[in-house]
Structure formats: structure tokens, C-alpha cells
Amino acid sequence: MNETVVNKPVAKSKMSVGELTSIGLMTAILIVMSFTPLGYFRTLGLSISLMMIPVAIGAMIIGPKAGLWLGLVFGATSFYQVLTAPSAFTSALFSISPLYTFLVCVPTRALMGWLFGIV
């Protein structure tokens with residue numbers, strides 16, 4: 001008997017070199033922005049952030065996985081800013097609960113990047 005093998009489409013699980021390079025460059029941009037005045041504008045009581053712009057651009061160009069990674073980097077650098085150079089708002093939030101401050105900083109921004117990639 002002769003059986004035919006049906007080729008099923010294989011899901012793309014690995015990233016291409018171009019995607020990996022783009023994610024690396026966007027990550028570098030985020031890190032440079034987080035440690036220079038380009039990323040965070042300090043006002044009297046708050047810190048205004050422009051770091052969501054590279055996250056959104058990277059998520060739209062590369063995809064949801066890249067958006068998740070870039071949002072995670074943005075959240076981690078934001079939490080680092082809370083620990084090293086807090087504003088009045090973040091120091092008050094951190095004094096209430098460090099865990100909730102972490103949850104506000106990291107998972108929510110990772111989710112934003114992922115949703116940018118999906119949309």
C-alpha cells in the first residue's frame with residue numbers, strides 16, 4: 001500500500017536574524033533613553049516618560065513577542081528608576097507597598113507592549 005504524507009504547515013517558532021537585530025537595537029535605545037534625560041522628564045511631583053514610543057514602534061514593526069520583551073525592558077528600567085531616583089509619587093507608592101509598585105511598573109508595561117503588537 002502506498003500512503004501519502006500530508007505536509008502540515010509548521011508554526012514559525014524561531015526569530016530571524018533581522019528580527020533579533022531589531023529587538024536588540026530597540027532594547028539598546030530603551031536602555032539609553034532610561035539613563036538619559038531623553039526617556040524621563042522630571043517635573044515637580046511626577047516623572048513623565050516617553051519610553052512607550054520605542055516600545056510601540058518595535059511592537060508594531062516586529063510583532064507581539066518583541067512588544068512583550070520591549071515592554072518588559074521598559075518596566076524593569078522604570079522600576080529601577082523608582083529604586084534609584086524616585087519622584088514624590090513613586091516614593092509614596094513604594095512606601096505603601098513595594099510589591100504593588102513592582103506590579104504597576106513591570107507586568108502592566110509588558111502587557112502594553114504585547115497588546116501594541118497584537119493591535
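Applying the side chain to side chain donor-acceptor pair (under 3.5 Å) test to residues at least two apart or on different chains, the pairs with a partner in residues 97-110 are Ser78-Arg109.
Between Phe35 and Tyr80, the ring center distance clears the sub-6.0 Å criterion.
Under the rule for a side chain to side chain contact (heavy atoms under 4.5 Å, CB included), the partners of Ser49 that lie at least two apart in sequence or sit in another chain are Tyr40, Met51, Phe74.
Only one option out of Leu72, Val32, Leu70 pairs with Thr27 in a side chain to side chain contact (heavy atoms under 4.5 Å, CB included); it is Leu70.
Distance OG/Ser22 to CD1/Ile57: 12.5 Å, rounded to 0.5 Å.
The other members of the hydrophobic cluster of Trp114, by chain and number, are Leu68, Leu111, Leu115, Ile118 (side-chain heavy atoms under 4.5 Å, ILVMFWY only).
In this structure, the side chains of Met26 and Trp69 stay at 4.5 Å or more apart for every pair of heavy atoms.
When every heavy atom of Phe79 is checked against every heavy atom of Pro98, the shortest pair comes out as CE1-O, 4.3 Å. Across Val55 and Gly67, no two heavy atoms sit closer than the pair CG1-O, 4.2 Å. In this structure, Ala59 and Gly113 approach most closely via the heavy-atom pair CB-O, 3.4 Å.
Leu25 and Ile61 fall into different hydrophobic clusters, where Ile, Leu, Val, Met, Phe, Trp and Tyr side chains are chained together by heavy-atom contacts under 4.5 Å. Under the 4.5 Å side-chain heavy-atom criterion for Ile, Leu, Val, Met, Phe, Trp and Tyr, Leu83 and Val73 are members of the same hydrophobic cluster. When the side chains of ILVMFWY residues are joined at heavy-atom separations under 4.5 Å, either directly or via intervening members, Ile48 and Leu38 end up in a single hydrophobic cluster.
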